[in-house]
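Following: one structure in structure tokens, then a few remarks.
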2 protein chains.
Amino acid sequence: MSDDNDRTRPRRASGSARLTDVARVAGVAPMTVSRALNRPELVTESTRQKVQKAVLETGYVPNRVAGALATSRSGLVALLVPTVAHALFAEVVQAVMGELTPRGYQVMLGLVGYTPAQEEAVIETVLSRRPDAIVLTGCRHSPLTRERLTRAQVPLVEIWDMSDDPLDMLIGFSHPAVGLAVAEHLLARGYRRFGVITADDSRAARRVEGFMAGIGEIAGSECLVREVGTPSSMPWGREKGAELLDSAPLDAIVCSSDILALGVIAEAQSRGLAIPDELAIMGFGDSSYAGASFPALSTVRIDGAAIGRAAATHLLSRLGQSGFSRSGDILDVGFTLIDRDTT
Amino acid sequence: MSDDNDRTRPRRASGSARLTDVARVAGVAPMTVSRALNRPELVTESTRQKVQKAVLETGYVPNRVAGALATSRSGLVALLVPTVAHALFAEVVQAVMGELTPRGYQVMLGLVGYTPAQEEAVIETVLSRRPDAIVLTGCRHSPLTRERLTRAQVPLVEIWDMSDDPLDMLIGFSHPAVGLAVAEHLLARGYRRFGVITADDSRAARRVEGFMAGIGEIAGSECLVREVGTPSSMPWGREKGAELLDSAPLDAIVCSSDILALGVIAEAQSRGLAIPDELAIMGFGDSSYAGASFPALSTVRIDGAAIGRAAATHLLSRLGQSGFSRSGDILDVGFTLIDRDTT
DNA sequence: CTTCAAAATGATTGCGCTATCATTCGGTGA
DNA sequence: TCACCGAATGATAGCGCAATCATTTTGAAG
């Protein structure tokens with residue numbers, strides 16, 4: 001029987017080159033290779049070149065897993081958004097990555113959906129990667145999530161919402177204020193009988209609350225609400241728009257996203273309703289296509305890229321520091337009501 | 001001077017609980033805790049409960065960085081797309097994550113843009129994380145990238161393109177075939193004088209080549225091309241559309257994305273051109289809003305979600321296996337030409 | 001040609017976990 | 001009752017790297 005190499009079977013699976021291999025080829029100590037690669041200013045030009053040559057020769061690719069363990073800095077930033085299938089959040093992802101990638105950080109993307117349970121699960125696995133920082137959409141979390149995040153002692157930005165008591169940093173806007181602004185806009189135009197189509201999403205719900213509060217102040221105004229599942233889509237908008245229009249005479253329909261509003265436009269057109277005279281329609285998000293619909297959609301613009309950039313910038317300024325201490329910074333980037341041709 | 005604790009300063013920064021801490025609290029060996037958490041079937045019910053209790057008590061969160069180093073399995077899948085600010089790729093991301101997250105894999109997102117240089121840079125840093133698998137958009141890579149990926153010996157799916165010689169697995173569609181199909185469709189409708197607006201993107205360029213080849217077969221057809229920068233946008237479409245319409249009389253304008261096509265529609269409408277009688281317009285991607293424009297946009301539908309799901313599924317089947325061996329599987333998911341009201 | 005501080009390099013150790021043994025425990029049949 | 005076997009648990013070592021300190025080399029001044 002062949003028990004010759006049974007004893008000291010090496011554990012490493014990947015045959016790829018290690019720091020040690022490079023060091024041997026370069027004829028220097030492993031530590032010198034490490035320095036040549038990570039802090040070249042500490043190394044003579046000539047050794048740097050020897051190492052460089054050895055790296056090419058061996059095809060060495062540093063193992064950041066090992067590096068992360070040794071330094072307890074993972075170089076990973078967790079970015080948690082409900083979805084990327086929504087232009088608004090895609091914009092945020094794009095902006096955050098645009099800032100972080102050039103600084104050597106990599107982004108671990110997590111989709112938390114719109115339910116606390118999913119958020120909890122994602123947060124747990126994300127924390128097990130020991131990210132250097134976290135960007136988290138929303139600021140209404142389950143107590144367990146709050147506790148885990150607090151314990152983790154990691155720089156954190158909550159985005160896309162507003163609160164008085166952020167876990168750490170907060171960059172976003174007030175959803176009730178959006179609803180209120182929409183209400184004021186539509187009331188000023190003389191609309192009184194409203195329909196609302198909203199996704200099953202707590203932030204959308206708070207926009208609706210703000211809207212209701214706004215119209216509640218004018219006697220004679222009324223409002224019917226329909227909820228749709230996620231993801232929002234044109235067919236959902238059209239279906240629920242039809243339901244609303246069949247239920248009661250309406251002056252305006254407010255939607256929790258532009259894509260729903262497009263569905264309502266389609267339904268209104270199919271019924272021969274004049275927009276906005278017989279039916280006004282309001283979206284949310286100012287997606288790239290909002291100005292291209294016919295008629296052009298009135299909506300609320302959120303600058304997702306600005307939120308993403310600000311989040312990344314604030315985190316980066318914290319990542320330089322050594323110890324962790326809660327920041328408490330709050331930045332309200334606001335929103336813009338864009339009045340096009342549907343209101 | 002206080003040199004009392006200078007000597008053996010502990011290296012660990014984070015004060016968070018380790019496996020050892022849990023073991024001490026539970027009164028078992030660290031290895032038993034590891035087993036209780038990762039392979040509970042190897043452990044008595046009673047110890048499992050002791051460990052569970054100790055985990056809660058200590059607030060232990062496993063350190064997957066250390067775990068990855070010990071097992072040389074990172075649990076990370078790298079997902080490299082040009083951008084997420086484009087609905088098509090966002091759909092892919094969403095689908096891939098939808099399959100992988102429930103299986104315990106986390107996604108490291110990389111944006112490679114549309115230039116080989118950026119791809120190279122991203123690939124290098126990505127490989128340093130030792131991902132268990134890679135999903136990579138496109139299959140035209142620089143020699144350096146190809147070599148690095150080959151050496152990495154990691155299950156890999158190239159998506160969103162077609163080739164005879166994939167690095168490992170390939171799931172996508174043929175871009176020239178898309179161009180050809182569009183040409184045939186438009187020629188059949190009687191259009192002969194074409195304009196093309198295309199992003200500066202090699203895959204779009206190959207669609208254009210296919211298109212040119214298609215119209216080249218019909219005598220008397222001609223074609224003017226205008227290129228736009230990334231990201232594509234409505235204003236780009238409108239501007240280049242105007243340029244084209246000013247340059248020569250055209251029957252149809254073909255765009256490398258739906259959003260450009262919307263810009264062309266806007267320009268055509270502003271000039272009072274009847275669509276499609278005086279100007280036909282063709283998009284690409286069948287974005288959610290394509291059917292909502294007025295007139296509804298003719299376009300080419302790509303099922304990004306199907307590609308993403310297939311990619312994830314194929315990778316998962318490989319991740320079970322032990323050794324690495326190149327697969328060579330190729331899957332062409334095709335595309336659908338959607339004939340709406342602009343052609 | 002020394003001397004000495006600063007710069008460059010090297011040796012050692014540990015980050016937190018799990019693979020891989022070795023050991024102990026509990027139950028079974030003679 | 002005791003040897004025996006598989007199941008459960010424990011001890012040890014190492015994954016690949018960088019922090020830290022020890023040692024060597026360099027170069028400027030005397």
Side-chain angles (χ1 to χ4, degrees), chain A residues 3 5-24 26-51 55 58 60-75 127-130 322, chain B residues 3 5-24 26-51 55 58 60-75 127-130 322:
Chain A
D3 60 357
N5 59 356
D6 271 12
R7 195 149 290 262
T8 2
R9 173 146 72 84
R11 203 144 95 190
R12 46 196 311 272
S14 84
S16 64
R18 292 155 299 168
L19 208 53
T20 317
D21 303 317
V22 179
R24 190 166 12 77
V28 297
M31 197 58 233
T32 301
V33 176
S34 172
R35 271 193 285 256
L37 296 176
N38 301 322
R39 312 196 49 193
E41 74 278 9
L42 294 181
V43 144
T44 320
E45 179 58 20
S46 72
T47 31
R48 211 185 56 68
Q49 286 179 5
K50 275 191 294 186
V51 169
V55 165
T58 53
Y60 174 67
V61 178
N63 185 333
R64 293 258 261 154
V65 176
L69 183 59
T71 57
S72 62
R73 287 180 297 104
S74 64
L127 286 178
S128 74
R129 301 280 177 190
R130 300 294 190 266
S322 56
Chain B
D3 60 357
N5 60 356
D6 272 12
R7 197 148 287 262
T8 3
R9 174 145 71 84
R11 204 142 95 191
R12 48 197 309 271
S14 84
S16 64
R18 291 155 301 169
L19 206 55
T20 319
D21 302 317
V22 178
R24 191 166 12 78
V28 297
M31 196 58 233
T32 303
V33 176
S34 173
R35 271 193 284 257
L37 296 176
N38 301 322
R39 312 195 49 193
E41 74 277 10
L42 294 183
V43 144
T44 321
E45 179 59 18
S46 72
T47 32
R48 213 186 54 69
Q49 286 179 4
K50 275 191 294 186
V51 169
V55 165
T58 52
Y60 174 67
V61 179
N63 185 333
R64 292 258 261 155
V65 176
L69 183 60
T71 57
S72 62
R73 286 180 298 104
S74 64
L127 286 178
S128 74
R129 302 280 178 190
R130 300 294 190 266
S322 55

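First the proteins, then the strands, lettered A, B, ... as listed; each starts at 1.
Minimum interatomic distance between Ala68(A) and Ser74(A) (heavy atoms only, all atoms of both residues): CB-CA, 3.7 Å. Counting all heavy atoms, side chain and backbone alike, Ala23(B) lies closest to Ala29(B) at CB-C, 3.8 Å. Here the closest heavy-atom approach between residue Val65(B) and residue Arg129(A) is recorded as CG2-O, 3.6 Å.
Whole-Å rounding puts the Leu69(B) CG to dA19(C) P distance at 12 Å. The distance from atom CZ of Arg129(A) to atom P of dC17(C) is 13 Å, rounded to the nearest whole Å. Whole-Å rounding puts the Tyr60(B) OH to dG16(C) C1' distance at 8 Å. Following rounding to the nearest Å, Asp21(A) (CG) and dG16(D) (C1') show an atom-to-atom distance of 10 Å. With rounding to whole Å, Arg64(B) atom CZ is found 18 Å from dC15(C) atom C1'. Going from atom CZ of Arg48(A) over to atom C1' of dA7(C) covers 17 Å, rounded to whole Å. Taking atom CZ of residue Arg130(B) and atom C1' of nucleotide dC17(D), one finds them 11 Å apart after rounding to whole Å. Note: CZ (Arg18(B)) to C1' (dC17(C)) measures 12 Å, nearest angstrom.
Judged by closest nucleotide on DNA chain D, Val28(B) is the one of Thr20(A) and Val28(B) placed further toward the 5' end.
Here the side chain of Val43(B) is nearest to one of dG16(C), dG16(D), dT9(D), namely dT9(D). Considering only the side chain of Thr44(A), dT9(C) comes nearest among dC17(C), dT9(C), dG16(D). The side chain of Leu19(B) lies closest to dT18(C) when the candidates are dC15(D), dC17(D), dT18(C). For Thr47(A), the listed nucleotide lying nearest its side chain is dT9(C); candidates were dG16(C), dT9(C), dG14(C).
Near DNA chain C, meaning a heavy atom under 4.0 Å away, the residues from residues 29-42 of chain A are Ala29(A), Met31(A), Thr32(A), Arg35(A).
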**Prompt:** Where do Ser34(A) and Leu19(A) land on the side-chain contact (heavy atoms from CB on, under 4.5 Å) test, with the steps shown first?
**Reply:** CA-CA 7 Å; Ser34(A) 172; Leu19(A) 208 53; 3.8 Å; yes

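Of the possible donor and acceptor atoms, none in the side chain of Arg39(B) sits under 3.5 Å from a partner among the backbone N and O of Ala36(B). Formation of a donor-acceptor pair under 3.5 Å by the Thr44(B) side chain with backbone atoms of Ser46(B) is not found in this model. Under the 3.5 Å distance criterion, the side-chain polar atoms of Thr58(B) are left unmatched by any main-chain donor or acceptor of Val22(B).
For Glu45(B), the side-chain contact (heavy atoms from CB on, under 4.5 Å) test picks out Arg48(B), Gln49(B), with sequence neighbours left out.
End-to-end axis angle of the helix from dC1(C)-dG30(D) to dA30(C)-dT1(D), from C1' rotation axes over five pairs per end: 40° (rounded to 10 degrees).
The distance from the CG atom of Asn63(B) to the CG atom of Leu127(A) is 11.0 Å, given to the nearest 0.5 Å.
Residue-level contact check: Val65(A) touches neither bases nor backbone, having no heavy atom under 4.0 Å from any strand.
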